[in-house]
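Working notes for the structure below.
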Amino acid sequence: MAQPIELQPQAITVQELAAINSRQVPERYIREGVGALDASFPVLDVPTIDLQLLASSSSTSGDELDKLRSALSSYGCIQAINHGITSAFLDKLREVARQFFALPSEEKKKYSREIGSIEGYGNDMILSEDQILDWTDRLYLILRPEDKQTLKFWPENPESFRGILNDYSTKLHVILEVLLKAMARSLNLEENQFLQQYGDQATMQARFNFYPICPRPDQVLGVKPHADGSVITILLPDKEVEGLQVLKDDQWFNVPIIPQALLINVGDQAEIMSNGIFKSPVHRVVTNSERERITVAVFCIPHPDQEIQPVEELINETHPRLYKKVKDYVSLYFQYYQQGRRPMEAALI
């Protein structure tokens, strides 16, 4: 597939659009058959997993491993508790995110992304004139490896932003290692099988998401339906405002907020590594006509040169190999994503 070329970026942010006209939505954001966030969508009972139990060698950790395998096979996501990050720290992270998005437009636009790149402040890459846009503004930053950080995109206001974000990436790295080892053990594999494929040159990318109030939540999405191109995605949800939905059995479900929990889902690359046992969930974000919403998603992604493939021990006559060997999956991912297609199509045998 040829590398698509971004057209001229949007001159105005969604936050500015919402401030200018609180009653109408431009045509480019309108979709058919969205349905508003209300009682018409059932609630998804996402399994709660205790990460301290996963990390321990006690007899109860076996039960938690079984729960983990079942959750990632059926739902593709978990509500992670006892993850080692205090609620006070998570509130600090939420607060600096809120402060950044509350800055004047001119201040935020100092960190604007460049054309053809996702890193920095902005919104959807526009790849075609008829592309339907998402009702969100984003700040996208590379956290790890540290030598890949582009600090010109890292806000200096609020002053504590950079320090808090670096601390957060260190804490998430610990969680990621616990989780990848537990995922391998839950499939009766040697515990480093997934970690080795993930690699020591992997990147961790943060996306701060701001979803302004939207007058037409029945016609507009905050994020279009997609699955993640990562191995693991760790979401810090808004503390009060829901909006995330997961597709299960051809139906959309609301994902509830659990205080102090991190919502963790497997991405396409974990589905490939597990030979389809773990399911990368298709999800979307709906909009809200009364309240704005802020979340922080962190994507854990192997180095572009790292080869990802199904673990050999998970391939047999009953479960034949489903996926090819892939490299630089995320480049492929973004090409497919803006066209509303699943890049997993390209990885299937």
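Keep in mind that what you see is a predicted model, and the values were worked out from it rather than measured.
In terms of modelled atom types and a separation under 3.5 Å, the side chain of Trp135 and the main chain of Val14 share no donor-acceptor contact. No side-chain donor-acceptor contact under 3.5 Å links Arg216 to the backbone of Val220. At distances below 3.5 Å, not a single donor-acceptor pair connects side-chain atoms of Lys108 with backbone N or O atoms of Pro155. Side chain of Gln193 to main chain of Arg185: no donor-acceptor pair is present (N/O by atom type, distance under 3.5 Å, no hydrogens or angles). Side chain of Ser70 to main chain of Lys67: no donor-acceptor pair is present (N/O by atom type, distance under 3.5 Å, no hydrogens or angles). Not one N or O on the side chain of Asp249 forms a donor-acceptor pair closer than 3.5 Å with the backbone of Gln251. With Asn288 contributing its side chain and Pro217 its backbone, the two residues share no donor-acceptor pair below 3.5 Å.
Evaluation of the salt bridge (Lys or Arg N to Asp or Glu O under 4.0 Å) test over residues 142-163, restricted to residues two or more places apart or in two chains, returns Glu114-Lys152. Pairs of residues two or more places apart, or lying in two chains, that qualify as ring-ring contact (aromatic ring centres under 6.0 Å, His included) and include a residue from residues 147-204 are Phe161-Phe208. Residue pairs meeting the ring-ring contact (aromatic ring centres under 6.0 Å, His included) criterion with at least one partner in residues 290-325, sequence neighbours excluded, do not occur; the list is empty. Counting only residues at least two apart or on different chains, the salt bridge (Lys or Arg N to Asp or Glu O under 4.0 Å) pairs with a member in residues 190-200 are Lys181-Glu191. For residues 292-310, the pairs satisfying salt bridge (Lys or Arg N to Asp or Glu O under 4.0 Å) are Glu307-Lys325, with sequence neighbours left out. Residue pairs meeting the salt bridge (Lys or Arg N to Asp or Glu O under 4.0 Å) criterion with at least one partner in residues 70-91, sequence neighbours excluded, are Asp91-Arg94, Asp91-Lys239.
One finds the CD1 atom of Ile232 at 11.0 Å from the SG atom of Cys77 (value rounded to the nearest 0.5 Å). To the nearest 0.5 Å, atoms CZ (Phe278) and CG (Leu314) are separated by 8.5 Å. Rounded to the nearest 0.5 Å, atoms CG (Leu133) and CZ (Arg28) are 4.5 Å apart. Distance NZ/Lys109 to OG1/Thr13: 5.5 Å, rounded to 0.5 Å. With rounding to the nearest 0.5 angstrom, the CG atom of Leu68 is 9.5 Å from the CD1 atom of Ile264. Between atom CE of residue Met204 and atom CG of residue Leu176 there is a gap of 5.5 Å, rounded to the nearest 0.5 Å.
Tracing side-chain contacts under 4.5 Å through hydrophobic residues (I, L, V, M, F, W, Y), one never reaches Val285 starting from Ile132; they form parts of separate clusters. Cluster membership for Phe89 and Val298, using ILVMFWY side-chain heavy atoms within less than 4.5 angstrom, is shared.
Remark: Asn82 engages Asp50 in a side-chain hydrogen bond (donor to acceptor under 3.5 Å, both in side chains) (not counting sequence neighbours). Thr150 pairs by the side-chain hydrogen bond (donor to acceptor under 3.5 Å, both in side chains) definition with Glu119, not counting sequence neighbours. Here Arg69 pairs with nothing under the side-chain hydrogen bond (donor to acceptor under 3.5 Å, both in side chains) rule; sequence neighbours left out. Legend: residues meeting ring pair (Phe, Tyr, Trp, His ring centres under 6.0 Å) with His283, ordered by chain and number and at least two apart, are His226. Remark: Gln79 pairs with no residue by the side-chain hydrogen bond (donor to acceptor under 3.5 Å, both in side chains) rule, at least two apart or across chains.
A ring-centre distance under 6.0 Å is not found for Phe41 and Trp252.
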Considering only distance and modelled atom types, tabulate donor-acceptor pairs under 3.5 Å from the side chains of residues 96-107, sequence neighbours left out.
| residue | atom | partner | partner atom | Å |
| --- | --- | --- | --- | --- |
| Arg98 | NE | Glu95 | OE1 | 3.1 |
| Arg98 | NE | Glu95 | OE2 | 3.4 |
| Arg98 | NH2 | Glu95 | OE2 | 2.6 |
| Gln99 | NE2 | Glu95 | OE2 | 3.0 |
| Ser105 | OG | Glu16 | OE2 | 2.9 |
| Glu107 | OE1 | Lys110 | NZ | 2.9 |

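Salt bridge Arg31/Asp134: present, at least one basic N to carboxylate O contact under 4.0 Å.
Within a 6.0 Å sphere centred on CD of Glu27, other residues, nucleotides and ligands contribute 12 heavy atoms or fewer.
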